Amino acid sequence: MATKTRILQILTLISISLPLAKSIHFDHPAVFNFGDSNSDTGNLVSAGIETLVSPNGQIYFKNPSGRYSDGRLIVDFLMNAMELPFLNAYLDSVGLPSFKKGCNFAAAGSTILPATATSICPFSFGIQVNQFLRFKARVLELLAKGKNFSKYLPTEDFFSKGLYMFDIGQNDLAGAFYSKTLDQILASIPTILLEFETGLKKLYDQGGRNFWIHNTGPLGCLTQNVAKFGTDPSRLDERGCVSSHNEAAKLFNLQLHALTKKLQGQYADANVVYVDIFLIKYELISNYSRYGFEQSIMACCGYGGPPLNYDSQITCGQTKTLNGTSVTAKGCRDSTDYVSWDGIHYTEAANQFVSSKILTGKYSDPPFSDKMPFLLKLKF
């Protein structure tokens, strides 16, 4: 872990010396986040749909925190960088959660396209946008009563000045591979992105002006997909990732990037930033040992042992009877050596690396390296 910490400190220092780029406003009073398990801070768990058990959350929170990781997510590191508190989940009603600095609508298993009867999660992107609309209306209603609600809720101007973050689309692609051909999946991408554009337009019409859009990562490098679709070595690339899944992700990202360019021109009074998460994550997987990791694809928390330590029948921390024997999907000795936490999601160490790369500004369109002095406040 010490080696990775030093590497991340070096990346942070390098980022501060990058040349100036087009100005991107980064002083946001609040953040409103939409997405799937990559940024879910407790919605699916709060909804009672799933339960997370130890060792989830073991690194930072010391207990399961509603996050699908051993610790913090990328969104947590980005909130720290902006000197804002971690986002509370919209559906988390216990413990007097504060939404003063924003709200998280992301839910694990979510898709951009509307959920179906067989979907893992009912909170698709359109539903999350509707939840935001309800949230905003209720906030303004309570603030109008003149009581001391402003201590826990964003003021009206926070909705126009706030940052709207998106990290969703992974499940639309990954889930489709179980029932569709690659050609069918590629053909569906415009429909998926039209749904995304519709939701984003609703947020713009509600006064949102600052949009931060993550593309989707290298799906073919997730342990789960390698285990299911990579049994034939000819289907893997030189990094051990499933080629077809990454091909779909790349085309999705190409079209998503084109959409963001369109929105940048269409919404002249808005800031629309596209962030290349795929490039960052694939760089990590391709050069994992250089960055202090020992395993790029094998899961830390799982069952089955090398080379993947993943079994789709049992999730991290669970104990089940498989083939007549009681087994437990246990965590590895040191999760900071692994990129993959549970075969689907990243470890805190990997999320920290990805966040440090995002904050260099060079993986964004437009870049934002002129705003890098705020990196000095990072709390890794």
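Since this is a predicted model, take the numbers as computed values, not measurements.
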For the backbone of [Y] and the side chain of [X], can you confirm whether one donor and one acceptor N or O come within less than 3.5 Å of each other?
X: Asp36; Y: Ala108; result: no
X: Asp276; Y: Tyr363; result: no
X: Asn309; Y: Gly305; result: yes
X: Gln184; Y: Thr181; result: yes
X: Ser69; Y: Gly71; result: yes
X: Ser37; Y: Tyr68; result: no

Taking atom types as modelled and ignoring hydrogens, do the side chains of [X] and [Y] form a donor-acceptor contact shorter than 3.5 angstrom?
X: Gln206; Y: Tyr164; result: no
X: Thr191; Y: Ser188; result: no
X: Ser355; Y: Gln352; result: no
X: Gln295; Y: Tyr288; result: no
X: Thr111; Y: Ser124; result: no
X: Glu294; Y: Ser289; result: no

Yes or no on side-chain hydrogen bond (donor to acceptor under 3.5 Å, both in side chains) for Asp365 and His257, after CA distance, side-chain angles and deciding distance? CA-CA 9 Å; Asp365 180 15; His257 194 186; 2.7 Å; yes
Does [X] count as lying over the ring of [Y], i.e. NZ or CZ under 6.0 Å from the six-ring centre, within 45 degrees of the axis?
X: Lys136; Y: Phe159; answer: yes
X: Arg67; Y: Phe86; answer: yes
X: Lys281; Y: Tyr346; answer: yes
X: Arg209; Y: Tyr204; answer: yes

Side-chain contact, heavy-atom cut-off 4.5 Å: [X] with [Y]?
X: Asn56; Y: Trp341; result: yes
X: Ile344; Y: Thr223; result: no
X: Cys221; Y: Val226; result: no
X: Met298; Y: Pro306; result: yes
X: Cys300; Y: Asp70; result: no
X: Leu259; Y: Glu197; result: yes
X: Tyr282; Y: Asn246; result: yes
X: Thr51; Y: Val45; result: no

Heavy-atom closest contact ([X] atom, [Y] atom, distance):
X: Gln318; Y: Lys320; result: OE1-CE, 3.6 Å
X: Gly35; Y: Ser39; result: CA-OG, 4.0 Å
X: Pro122; Y: Ile49; result: CD-CD1, 3.5 Å
X: Asp342; Y: Ala299; result: C-CB, 3.9 Å
X: Asp157; Y: Ser160; result: O-OG, 3.0 Å

Gap between atom [atom2] of [Y] and atom [atom1] of [X] - 0.5 Å precision:
X: Lys330; Y: Ile314; atom1: NZ; atom2: CD1; answer: 10.5 Å
X: Thr155; Y: Phe158; atom1: OG1; atom2: CZ; answer: 4.0 Å
X: Leu219; Y: Asn171; atom1: CG; atom2: CG; answer: 9.0 Å
X: Lys161; Y: Glu156; atom1: NZ; atom2: CD; answer: 11.0 Å
X: Ser296; Y: Leu284; atom1: OG; atom2: CG; answer: 8.5 Å
X: Met79; Y: Leu87; atom1: CE; atom2: CG; answer: 4.0 Å

Hey, mind stepping through Leu73 and Asn38 against side-chain contact (heavy atoms from CB on, under 4.5 Å) and telling me if it holds? CA-CA 7 Å; Leu73 308 178; Asn38 289 318; over 6 Å; no
Can you name the one residue among Trp212, Phe34, Phe105 that meets ring pair (Phe, Tyr, Trp, His ring centres under 6.0 Å) with Phe166?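 The option that passes is Phe34.
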Name the one of Phe99, Phe123, Phe32, Tyr90 that satisfies ring pair (Phe, Tyr, Trp, His ring centres under 6.0 Å) with Phe132?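 So the option named by the test is Phe32.
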Begin with the C-alpha distance, continue with both residues' side-chain angles, and end with the deciding distance and a verdict on side-chain contact (heavy atoms from CB on, under 4.5 Å) for Val339 and Ile297. CA-CA 7 Å; Val339 171; Ile297 293 180; over 6 Å; no
More than 12 heavy atoms of other groups within 6.0 Å of Leu182 CG: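 For Leu182, atom CG is crowded (more than 12 foreign heavy atoms under 6.0 Å).
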Should we count CG of Asn323 as having more than 12 external heavy atoms under 6.0 Å?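 Atom CG in Asn323 is not packed in, count stays at 12 or less.
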Glu247/Ser244 under side-chain hydrogen bond (donor to acceptor under 3.5 Å, both in side chains): CA gap, chis, key distance, verdict: CA-CA 5 Å; Glu247 181 180 344; Ser244 57; over 6 Å; no
Cys pair Cys332, Cys301: SG separation below 2.5 Å: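 Their SG atoms do not fall under 2.5 Å; no disulfide, then.
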side-chain hydrogen bond (donor to acceptor under 3.5 Å, both in side chains) assessment of Ser335 paired with Glu348: CA-CA 8 Å; Ser335 61; Glu348 175 177 281; over 6 Å; no
Which of these passes side-chain contact (heavy atoms from CB on, under 4.5 Å) with Ile213: Val272, Val273, Ile277?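 Among Val272, Val273, Ile277, the one that satisfies the side-chain contact (heavy atoms from CB on, under 4.5 Å) with Ile213 is Val272.
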Establish, yes or no, whether a centroid distance under 6.0 Å links the rings of Phe353 and Tyr291.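 Centroid separation for Phe353 and Tyr291: below 6.0 Å.
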Dump the intermediate steps for side-chain contact (heavy atoms from CB on, under 4.5 Å) on Glu283 and Ile280, then the final yes or no. CA-CA 5 Å; Glu283 178 181 335; Ile280 297 173; 5.8 Å; no
For Phe229 and His245, take the angle between the two ring planes, folded into 0 to 90°, and tell me which bin it lands in: parallel under 30, tilted 30 to 60, perpendicular over 60.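 Tilted: the ring planes of Phe229 and His245 meet at 30° to 60°.
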For Tyr274 and Asn215, run side-chain hydrogen bond (donor to acceptor under 3.5 Å, both in side chains): C-alpha distance rounded to whole Å, both residues' side-chain angles, the deciding distance at 0.1 Å, then the answer. CA-CA 7 Å; Tyr274 171 88; Asn215 70 11; 2.9 Å; yes
Between Glu141 and Arg138, does any NZ, NE, NH1 or NH2 come within less than 4.0 Å of an OD or OE carboxylate oxygen?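 Result for this pair is yes, salt bridge flagged.
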Under the criterion side-chain contact (heavy atoms from CB on, under 4.5 Å), I'd like the reasoning laid out for Gln131 against Arg134: C-alpha separation, chi angles, the key distance, then a yes or no. CA-CA 5 Å; Gln131 288 176 331; Arg134 166 62 180 165; 5.7 Å; no
I need the single residue from Asp167, Asn104, Thr41 that forms a side chain to side chain donor-acceptor pair (under 3.5 Å) with Asn33. Which is it?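 Answer to the side chain to side chain donor-acceptor pair (under 3.5 Å) test with Asn33 among Asp167, Asn104, Thr41: Asn104.
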